[in-house]
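Side-chain atoms are counted along with the backbone in the values below, which use heavy atoms only and exclude waters and symmetry mates. These numbers come from a predicted model, not from an experiment.
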Amino acid sequence: MSLLEVRNLTHSFLDKPLYDKASFDLYKGEHMGIVGQNGAGKSTLIKILMGEIIPDSGMINWHPTIRIGHLDQYAEINGTKTIIDYLKSAFANLFELEKKLNDLYQEMAITGNYNRMDHAAKYQEKLETSDFYLIESHIDKVVYGLGINAIGIDRPIQELSGGQRAKVILAKLLLEKPNVLLLDEPTNFLDKEHVDWLANYLSVFDGAYIVVSHDYDFLEKISSCICDIEFGTIKKYAGKYSDFLRQKEHLREDYTRQYVAQQKKIEKTEEYIRKNIAGINTKIAQGRRKQLARMERMAPPGFTHKPTFNFQEVSLSAQVALRVHDLEVGYEKPLLPKLNFSVSGGQKLVITGFNGIGKSTLLKTLVQRISAVAGSFRFAESVKIGYFEQDLKWEDGAKTPLQIISDFYPNLGVKEIRSRLAQCGVKNTHTTQAIATLSGGEQSKVKLCLLTLSSCNFLILDEPTNHLDLETKESLQKALIHFKGSVLLVSHEEKFYQKWANRFLNIEDDIK
């Protein structure tokens with residue numbers, strides 16, 4: 001049974017076509033992953049399916065009886081509620097039914113009239129068949145699976161960080177068990193063990209779902225089909241992510257051959273028109289011009305130019321690049337016990353630990369965005385830091401990537417800036433768009449471009465891969481492998497760093 005029909009979907013964003021007459025279906029029990037290069041329109045598609053964005057044309061038809069659950073990280077929540085109260089609200093209808101049952105028992109006890117006992121029996125049966133008396137067990141399963149227990153379920157929601165808040169919203173969504181889940185990057189705020197738990201949960205989920213993710217190991221575990229957004233089309237592939245990659249590689253080769261053949265035909269036809277438009281064969285030339293005008297031209301292959309990152313390294317002579325002594329980090333009070341560690345020159349250290357423990361706070365302290373609560377740290381005098389912050393925050397969201405790079409590096413000309421942005425995978429059409437209107441992946445590429453323009457020998461990176469597509473991740477990974485300076489990385493993607501990291505620091509060990 002088709003739960004969702006998408007027909008002839010056409011939509012553009014700031015004159016950039018995202019989809020052109022695209023069509024696909026979602027069937028009962030189908031587990032769909034959405035992939036595509038950064039800026040292809042994956043998050044926009046979710047918003048269109050939810051009715052938050054009206055497409056230029058096309059039909060979106062949901063089955064009228066289904067319940068849709070959407071992971072909205074910016075949903076309004078009563079901040080004074082505790083986490084546990086918020087999670088219990090997923091079962092609000094059952095708690096209301098319990099109240100009706102108790103009120104009915106109380107009424108019968110007072111009046112002595114037990115004629116409505118059959119109503120009470122129906123209420124009781126409904127509660128039992130809905131697993132009402134196992135609610136606490138269901139909540140515990142999700143709380144521990146997503147690591148919310150480490151936050152503390154009695155904490156008010158208003159005290160949570162953005163990632164913690166998104167995790168709690170996801171937990172409530174899973175507890176509600178809608179017929180269809182729409183999840184946009186659900187793993188961005190989860191640690192590896194919690195990503196694994198979510199993958200196992202979704203792989204046996206009875207309902208259908210559509211998931212946008214750049215975590216391809218995650219997609220491999222959860223997907224029964226893949227929808228790929230490319231060249232203005234949305235093409236659906238059966239099977240897991242690895243099956244999709246094999247199929248797509250063959251189609252890419254075929255598409256490239258067709259595109260090259262069409263370009264040669266266009267070039268040959270245009271040359272004939274130029275030579276003959278004013279001569280004896282003018283009618284033939286005019287006819288070919290009309291044919292050329294009617295030709296449906298293929299979009300140039302978007303996969304021909306992979307991003308490349310080259311960090312401007314300066315020598316690092318120090319044997320110990322960073323030394324941390326009894327450092328306490330946090331806001332007003334410490335989040336962690338005292339930290340003691342060092343980073344050698346050229347060493348690549350990955351910091352691990354559950355989400356919300358204080359990894360990002362540690363990095364912000366080391367780059368002096370926030371003050372240390374106590375203790376000390378010292379970088380060697382020859383250290384020059386390059387810092388990547390995971391939050392996509394800009395002083396002025398209306399500025400374009402061109403303007404942002406120019407502000408930081410006023411000596412660079414527009415042509416050079418465009419070239420550097422293109423090298424980092426930022427499409428030419430995006431260089432003059434307001435930064436706040438770009439996708440998370442495109443914004444991350446602009447931040448990486450800024451990083452490659454600064455001279456450094458010590459990279460401090462906080463979740464740099466969160467929004468990046470596969471090709472960009474691979475290019476960044478390659479750059480870090482060849483980087484001769486020191487690296488301090490926070491990342492939940494083990495596959496990204498396992499080839500090049502040579503030391504790991506699990507800060508959970510200090511609080512056990």
Side-chain angles (χ1 to χ4, degrees), residues 2-14 16-20 22-27 30-63 66-76 162-163 165-167 169-170 172-174 176 178-190 198 202 205 207-216 218-219 222-230 232-237 241 244 392 436-444 466-470:
S2 177
L3 303 180
L4 167 67
E5 293 180 4
V6 177
R7 294 291 179 268
N8 298 316
L9 179 63
T10 300
H11 189 67
S12 298
F13 181 72
L14 297 176
K16 176 198 172 186
L18 296 178
Y19 336 105
D20 182 23
S23 301
F24 68 93
D25 294 277
L26 176 72
Y27 294 99
E30 202 163 43
H31 295 169
M32 179 183 291
I34 302 287
V35 299
Q37 291 185 334
N38 293 135
K42 301 182 293 295
S43 295
T44 300
L45 177 61
I46 296 293
K47 291 177 180 177
I48 287 174
L49 297 181
M50 284 301 300
E52 296 175 8
I53 292 178
I54 305 300
D56 298 338
S57 62
M59 180 195 75
I60 310 293
N61 186 27
W62 286 100
H63 193 280
I66 64 168
R67 289 184 301 114
I68 303 169
H70 174 218
L71 176 57
D72 183 358
Q73 299 177 30
Y74 307 100
E76 291 186 13
R165 186 175 178 274
K167 190 184 292 191
I169 293 171
L170 174 60
K172 179 174 179 277
L173 194 59
L174 298 182
E176 287 174 335
N179 304 114
V180 178
L181 285 167
L182 299 182
L183 307 178
D184 190 358
E185 298 290 1
T187 65
N188 273 3
F189 44 84
L190 299 177
L198 181 61
L202 290 177
F205 181 66
Y209 51 72
I210 299 176
V211 176
V212 172
S213 180
H214 289 109
D215 188 331
Y216 301 112
F218 177 70
L219 285 179
I222 70 167
S223 300
S224 62
C225 64
I226 297 290
C227 270
D228 181 38
I229 304 177
E230 190 175 48
T233 65
I234 303 176
K235 183 172 178 59
K236 185 175 176 182
Y237 296 80
Y241 182 75
F244 148 73
L392 298 177
T437 66
L438 300 181
S439 70
E442 294 294 299
Q443 292 185 50
S444 292
N466 266 0
H467 303 280
L468 300 181
D469 55 45
L470 179 61

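- Counting heavy atoms from C-beta outward, Phe24 and Leu45 have side chains that approach closer than 4.5 Å.
- Scored by the salt bridge (charged side-chain N to carboxylate O under 4.0 Å, His left out) test, Lys47 finds no partners at all (sequence neighbours excluded).
- The backbone N or O of Leu438 sits less than 3.5 Å from a side-chain atom of Gln443, completing a donor-acceptor pair.
- Test Ile34, Ile234, Val35 against Asp228 for side chain to side chain contact (heavy atoms under 4.5 Å, CB included) and you get one pass: Val35.
- Scanning for salt bridge (charged side-chain N to carboxylate O under 4.0 Å, His left out) contacts around Asp25 gives Arg7, with sequence neighbours left out.
- Taking the six-membered ring where the residue is Trp, Tyr209 and His31 present parallel rings, their angle staying beneath 30° rather than reaching 60°.
- With Ser213 contributing its side chain and Asp215 its backbone, the two residues share a donor-acceptor pair below 3.5 Å.
- Within the 3.5 Å criterion, the main-chain N or O of Gly41 finds a donor-acceptor partner in the side chain of Tyr19.
- Within the 3.5 Å criterion, the main-chain N or O of Gly207 finds no donor-acceptor partner in the side chain of Asn179.
- The backbone N or O of Ser12 lies less than 3.5 Å from a partner atom in the side chain of Asp56, making a donor-acceptor pair.
- Inspection of the Asp184 and Ser43 side chains reveals an N or O donor paired with an N or O acceptor under 3.5 Å.
- In this structure, Tyr216 and His214 have perpendicular ring planes: the angle between them is above 60°, well past the 30° mark.
- Distance alone, capped at 3.5 Å, places no donor-acceptor pair between the Lys42 side chain and the Val211 backbone.
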